[in-house]
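Shown next, in structure tokens, is the structure this report addresses.
Residue numbering restarts at 1 for every chain, and letters A, B, ... go by the order of the sequence lines.
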Amino acid sequence: MPAYRPEEIEKKWQAHWKAHRTFQAQNHSEKPKYYVLDMFPYPSGAGLHVGHPLGYIASDIVTRYKRLRGFNVLHPMGFDSFGLPAEQYAIQTGQHPALTTEKNIETYVQQLSSLGFSYDWSREVRTSDASYYKWTQWIFLKLFNSWYNLDTNKAEPLTELTARFAASGSDGIRAAGDDGDRLSFSAGQWQLFTEKQKLAAVLPYRLAYQQDTFVNWCPGLGTVLSNDEVKDGLSERGGFPVERRLMPQWNLRITAYADRLLQGLDQLDWPDAVKEMQRNWIGKSIGAEVTFPVLPARASGAAGQVSDTPAAASATSGTPSDTPDVASEASKATSGAALSSSGGSEIKVYTTRVDTIYGATFLVLAPEHELVDVITTPAQRAAVDEYIAATKRRSERDRMTDVKAVSGVFTGAYALNPVNNEPVQIWLADYVLAGYGTGAVMAVPSGDQRDWLFATHFGLPIPAISDAQKDIDQQADPTKEGRYINSGIINRLTYKEATPKLIAFLEEKGLGKGKVNFRQRDAIFGRQRYWGEPIPIYYKDGTAYGIAESDLPLVLPEIDEYKPTETGEPPLGRAQNWLYRDKYPYELSTMPGWAGSSWYYLRYMDPTNEARFVSEEAEQYWGSVDLYMGGAEHATGHLLYARFWYLFLKDLGLVSSGEPFQKLINQGMILGRSNFVYRINGTNKFVTLGKKDQYETTALHVDVSILENDVLDMEAFRKWRPDYNEAEFITEDNGTYVSGWEVEKMSKAKFNVVNPDVLIGKYGADALRLYEMFLGPLEQYKPWNTNGISGVSGFLKKLWRLFHPEDGPLAVTDEPATPAELKVLHRAIQKVQEDIEKFSFNTSVSLFMITVNELTALKCHKRAILEPLVLLVSPYAPHLAEELWQELGHEAGSISHAGYPEFREEFLVEDTVVYPLAINGKVREQMQFAAAATAAEIETAVLASDFLAKHGEGKSAKKVIVVPGRMVNVVV
RNA sequence: GCGGAUAUGGCGAAAUUGGUAGACGUGCCAGACUUAGGAUCUGGUGCCGCAAGGCGUGUGGGUUCGAGUCCCUCUAUCCGCACCA
């Protein structure tokens, strides 16, 4: 009596697949290739909950479908195995993170296997394996040894840069990055540089470079974090406060690629939300840079003071102690130049609304602006110093939560508005960010609400500049409508006319130019942590060198404790005798979490290659990822970094496609469904949901595993916790205890985490896979609700019974199929194909149920119908399909490549069609016609029938609309 | 504030793209079988109404013979960014 026993079937086939390497992909094939990628997980100690596999199930369905369709599919899995949790655990317990990670990966592999995914495990990669991170380090060295040539608009090896230095000095070289950090020298001077000076001169060109940078420092974690690891001023992991701090850091020059990263988005088949997030993150804005000369202090009336000497300036701009000498000479040189130009100084501002410049009545500098010390008058110095100190005391979080408060201080200095030569006051305020644009803005209170608030608060003038502006004593008007007034050369012009005219005017006077700005900053690339890739850099005489490629990998050394050293160095400072070539100290920070994940999809193509990160043949064969499945939370982190690395590798000729991920699908998060019991206050009595309003109660979370369909297992509840041993219940009238529920994120504290292992044990992996798909649209956020799983479980049993009526042995007949049966089958063939290609898996599952119900009603046990049906179901319920496929007499494990059943439209065509008949759109009757009837024939038949007489209330037809196959509407 | 999405029975949802709204599944009601089970099967189940009938896809309008679907308005919820000049 072989009833459907999923646990036996699933074990059997999982073992078969493993033993026969059924899903191993070859790097060459006659078939077309298809690459389906899941975002690989960080193997956390908690294991998988029921929400994690959602995307994996969907991608596995696509994978299996594509195999049926005759593709050579690459579908790998691996682990992003460097990361903070294992290290935090190591700090607490002393257990090596590698051990923790290894153990967690085992759990993951076991859980993933039990879901029946068709991964090619022979290609598994782990970012923490030295054989993998050797190549992560190798790519870092490539970045370290490259610069970005703006003339060719791509990255090039540094050797080409130094060759140009030797030939013609630094003149005429246009490189991405901040020219202010770079020296100017002739070929002759270059020749005379020492090695150290040469390296220092080259450093600001490198795509991986070291620089003093304002960073998000997290004292709680003892490390710096990237912007996307900080949420609301707290660390994403752990929720510790984060502060701004100036530290020497390794950076990657992702800004060199900002425009290409932006342009590339247009051709990608990604969700609009993700593309838009990346666009905002890159934050391209088109505007102008305008120079405001600072008035000499003596002339600036109200201030009437002598400004400080230039010498004070370079003290604050600060030269980092470990930055090579030449570079610091450079920064001194630039600030010196700025000061000497006009006897006073000048302030550059960035604006996207240069058309409003006649309304600019004051300037605002960021408190960190380098000219603050220079221009502040003695009378204002105390106030300015106090304001800067207060700004520093405010944490990043305060600044964020407190955006509405207006604060600022007058420097006492004045500048000249370059278009009308009016003096304007120079203020400081922390709403201006040092890191964006020039760190200074021109304030136009009539056109910008923030400037308006500032002006109102400090009593500054608010002149109107457009005839469209109204109520500017109430609020600013930022619209671009109307014509300009009080605006010199652009009076009476519109926005579109004024902007180019002003830019031309400013360029002519040498006081401004059109400029594109990006919000995106370079990516900080170091973490003061142990469990990450060591950065392959060593120091000789204080200068950074990349280690030789032949010395890779630089293996993570063993250390005694996973904490910073007593002197505050990163944990790697504890390593004993950890020296390059026994002499030179290594860099002590490690790479951030996103390093290894930025290129893993390439390694899957050729995972064991020891000579290259991926062989040319494998890279060219697999190309880019055709379908990438993962969570939306990586929109501005991983997905941007990975694209950046790909473009860089492409510049070096190491990869061959335009973009790494062609199509991206974000699976929605599965939320938890918490259950509650209601304790009557002051008692140990619990009252059911239906009667709780009769008592004063407290709602308490209860473990969702001791309920079924919101009905509490009262015995299990008593055993759940000791203090509930004696619990009493007030039940519904039918004797059950019904609990309340609410949707929340899954978490242990809410007792709403549903473990897939439990459900697999109870219903089988096929049922779980089907149910997760059935739950709703893939990309939608949705609450988990175990209730419905019995429905899909019932479907699998019914499917089984089509093959084993009476639960006996296989009993299919070779009778020819009837038209009714063929219609059911071919509708399914067509629909499932459409659904998978639209990623609409939930409707496929519904269709399977309908199909099985109908075949059951038709008592259809025919091979001609059931065999193709098994193929249709196989991507969704692979274990059951394999079992039935074998029982039908096919070779074990052969279903994956058996081919998708052929769809024949003629089986769907009906002999007759029932048309609803409507009068003025209101359906009144139904009438049957031959399927082949023409619209004219139907119209004639309807008019000839007694339909109009019955429903038309004596009116005659004005128009008859026949919608083929759908309805006939008579307009009277 | 800016950007993106969503809104349909008690619940998850579907709707062949403008053509009988609510398929399928849960839940609920009734029934069958039964060594009471969380098994299997059958029927019913949007709302109001005894019925005839009426009303129904977040709100209010519009286009159309016909609107969940197209256009405009508003509202609510969720997500992302956020003093970016």
Pick the [atom1] atom in [N] and in [M], then give their distance to the nearest Å.
N: rA5(B); M: rG19(B); atom1: C1'; value: 29 Å
N: rC29(B); M: rG38(B); atom1: P; value: 14 Å
N: rU26(B); M: rC72(B); atom1: P; value: 40 Å
N: rG62(B); M: rG56(B); atom1: P; value: 14 Å
N: rC70(B); M: rU8(B); atom1: P; value: 16 Å
N: rC81(B); M: rG66(B); atom1: P; value: 46 Å
N: rG9(B); M: rC47(B); atom1: C1'; value: 9 Å
N: rG46(B); M: rG25(B); atom1: P; value: 15 Å

From the list [options], which nucleotide is the closest neighbour of the side chain of [X]?
X: Arg519(A); options: rA14(B), rA85(B), rC84(B); result: rC84(B)
X: Ala273(A); options: rG4(B), rC24(B), rA85(B); result: rG4(B)
X: Met277(A); options: rC84(B), rG38(B), rG80(B); result: rG80(B)
X: Phe774(A); options: rG38(B), rA85(B), rC24(B); result: rC24(B)
X: Asn853(A); options: rA85(B), rC24(B), rA14(B); result: rC24(B)
X: Arg801(A); options: rC41(B), rA85(B), rG3(B); result: rC41(B)
X: Ser846(A); options: rC41(B), rC24(B), rG3(B); result: rC24(B)
X: Trp281(A); options: rC24(B), rC83(B), rC81(B); result: rC81(B)
X: Arg450(A); options: rG25(B), rA14(B), rC84(B); result: rC84(B)
X: Lys782(A); options: rG38(B), rA23(B), rA13(B); result: rA13(B)

Using the salt bridge (charged side-chain N to carboxylate O under 4.0 Å, His left out) criterion, which residues pair with [X]? Sequence neighbours excluded.
X: Glu837(A); answer: none
X: Asp355(A); answer: Arg353(A)
X: Arg827(A); answer: Glu854(A)

Review point. For RNA chain B, which consecutive runs of 3 or more Watson-Crick or G-U pairs (each distance under 3.5 Å) count as stems?
Key: B:1-7 with B:75-81, B:10-12 with B:24-26, B:27-32 with B:40-45, B:46-48 with B:53-55, B:60-62 with B:70-72
Point to revise | Gln449(A) CD - rC2(B) C1' separation (whole Å) | key: 14 Å
**Study point:** Spacing between Asp448(A) atom CG and rC84(B) atom P, to the nearest angstrom
**Key:** 7 Å
**Study point:** Phe454(A) ring center within less than 6.0 Å of Phe362(A) ring center
**Key:** yes
For residues 773-782 of chain A, dump all side-chain donor-acceptor pairs below 3.5 Å to protein atoms at least two apart in sequence or in another chain.
residue	atom	partner	partner atom	Å
Lys782(A)	NZ	Pro777(A)	O	2.9
Lys782(A)	NZ	Leu778(A)	O	3.4
Lys782(A)	NZ	Gln780(A)	O	3.0

Review point. Charged N to carboxylate O below 4.0 Å: is that the case for Arg279(A) and Asp272(A)?
Key: no
Exercise for review: Please identify each residue that fulfils side-chain contact (heavy atoms from CB on, under 4.5 Å) with Phe903(A), with sequence neighbours left out.
Suggested key: His826(A), Ile829(A), Gln830(A), Glu905(A), Leu908(A)
Exercise for review: Give a yes/no answer on whether the side chain of Tyr436(A) brings an N or O atom under 4.0 Å of OP1 or OP2 in rA85(B).
Suggested key: yes
Practice item. Establish, with yes or no, whether the OP1 or OP2 oxygen of rA14(B) is under 4.0 angstrom from a side-chain nitrogen or oxygen of Asn842(A). Key: yes
